[in-house]
Amino acid sequence: MLKAEVVEIGSEAISKNDPLLILFNETASIQLRRVSIVQRFSKTKDASYDIAAGDKISIDDQEYEVTYVGQLVKSNMEMIGHATLSFEKVPEKPQHNGIYLRPYTFPKIHVGSVIKYY
């Protein structure tokens, strides 16, 4: 399981019109932080950046099923803690850095929220 804590939420990170969250780790630039959720990963022995369809992601007590994982997610998560969580059906041309989740309900998220990837 991979576990992260939300340490910052950018002023433009949450939009009522876009059902997505852009995640980065603490290396994100000032410009990226404005539109992103900054996550700090916990170092555990079983931490794995291998996320696949059928896996689960939870944000606090809100659980989601992964329906699609873009081809760049693993390398981006390992290097810069980056992925885009999309709370919508997988489009015809999904994002290469996207993780699509079901149910399509936007989560409640705050500084201190815990994100688990399992």
Side-chain angles (χ1 to χ4, degrees):
M1 178 190 342
L2 187 59
K3 185 176 173 184
E5 178 183 353
V6 173
V7 295
E8 185 178 331
I9 298 176
S11 61
E12 298 174 35
I14 298 174
S15 168
K16 300 212 184 293
N17 299 327
D18 290 321
L20 56 84
L21 295 173
I22 301 169
L23 305 174
F24 279 96
N25 67 17
E26 295 170 292
T27 64
S29 68
I30 298 296
Q31 295 86 349
L32 286 175
R33 286 174 181 257
R34 195 179 78 247
V35 297
S36 302
I37 305 291
V38 178
Q39 59 183 341
R40 178 183 299 143
F41 290 103
S42 300
K43 302 295 182 199
T44 60
K45 288 188 291 185
D46 63 344
S48 172
Y49 295 93
D50 283 324
I51 302 165
D55 287 355
K56 305 282 186 205
I57 293 178
S58 65
I59 300 171
D60 295 328
D61 62 351
Q62 305 153 98
E63 186 176 80
Y64 297 88
E65 178 185 357
V66 175
T67 58
Y68 177 86
V69 178
Q71 62 192 27
L72 297 178
V73 169
K74 182 179 180 190
S75 62
N76 283 348
M77 287 284 278
E78 287 174 344
M79 293 177 11
I80 55 176
H82 173 58
T84 299
L85 302 182
S86 294
F87 303 89
E88 61 186 351
K89 291 182 181 178
V90 180
E92 193 172 308
K93 290 188 176 187
Q95 293 184 23
H96 296 300
N97 62 338
I99 299 174
Y100 291 82
L101 301 169
R102 172 174 62 213
Y104 311 124
T105 307
F106 197 79
K108 292 183 175 123
I109 191 165
H110 55 85
V111 171
S113 285
V114 174
I115 304 172
K116 295 179 186 172
Y117 305 82
Y118 53 100

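Please read these numbers as outputs of a predicted model, since none were measured by experiment.
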Side-chain contact test, heavy atoms from C-beta onward, threshold under 4.5 Å: evaluate it for [X] versus [Y] and give yes or no.
| X | Y | answer |
| --- | --- | --- |
| Arg33 | Glu26 | yes |
| Thr84 | Ile99 | no |
| Pro103 | Tyr64 | yes |
| Thr67 | Leu101 | no |
| Leu23 | Val6 | no |
| Phe106 | Ile14 | yes |
| Ile22 | Ile37 | no |

With sequence neighbours excluded, what pairs up with [X] under the side chain to side chain contact (heavy atoms under 4.5 Å, CB included) test?
| X | value |
| --- | --- |
| Thr27 | Asn25, Ile80 |
| Ala53 | none |
| Val69 | Ile51, Val66, Val73 |

inquiry  = With a sphere of 6.0 Å drawn around NZ of Lys56, does it hold more than 12 non-hydrogen atoms of other residues, nucleotides or ligands?
reply    = yes

The criterion is side chain to side chain donor-acceptor pair (under 3.5 Å); which residues satisfy it with [X], sequence neighbours excluded?
| X | result |
| --- | --- |
| Ser15 | none |
| Ser29 | Gln31 |
| Asp55 | none |
| Glu65 | Arg102 |

ask   = Apart from Val7 itself, what residues make up its hydrophobic cluster when side-chain heavy atoms of I, L, V, M, F, W and Y under 4.5 Å apart count as a link, directly or indirectly?
value = Val38

message = Could you list the cluster mates of Val35? Members are the ILVMFWY residues connected by side-chain heavy atoms closer than 4.5 Å, either directly or through other members.
response = none

inquiry  = Is there a path of hydrophobic side-chain contacts, each under 4.5 Å between heavy atoms, that joins Phe41 and Ile115?
reply    = yes

Same apolar cluster (I L V M F W Y, side chains within < 4.5 Å links), Ile109/Ile57 = yes

query = What do the steps show when you test Leu21 against Ile59 for side chain to side chain contact (heavy atoms under 4.5 Å, CB included), and what is the final call?
reply = CA-CA 12 Å; Leu21 295 173; Ile59 300 171; 4.3 Å; yes

Smallest separation among heavy atoms of Ala13 and Ser36, with atom names = CB-O, 3.5 Å

request  = Could you pull out the closest heavy-atom pair between Met77 and Ala83, with the gap in Å?
outcome  = SD-CB, 3.8 Å

remark   = So the ring pair (Phe, Tyr, Trp, His ring centres under 6.0 Å) pairs with at least one residue in residues 12-31 (sequence neighbours excluded) are Phe24-His82

inquiry  = Test of understanding: with salt bridge (Lys or Arg N to Asp or Glu O under 4.0 Å), list the residues that count as partners of Glu12, not counting sequence neighbours.
reply    = Arg34

key: Under 3.5 Å donor-acceptor, Glu78 side chain and Tyr49 backbone   = no

key: Residue pair Phe87, Tyr100: steps toward the ring pair (Phe, Tyr, Trp, His ring centres under 6.0 Å) verdict   = CA-CA 6 Å; Phe87 303 89; Tyr100 291 82; 9.9 Å; no

request  = Provide the full list of side chain to side chain donor-acceptor pair (under 3.5 Å) pairs with a residue in residues 109-118, sequence neighbours left out, each pair given once.
outcome  = Gln39-Tyr117, Asp60-His110, Asp60-Ser113, Glu63-Tyr118, His110-Ser113

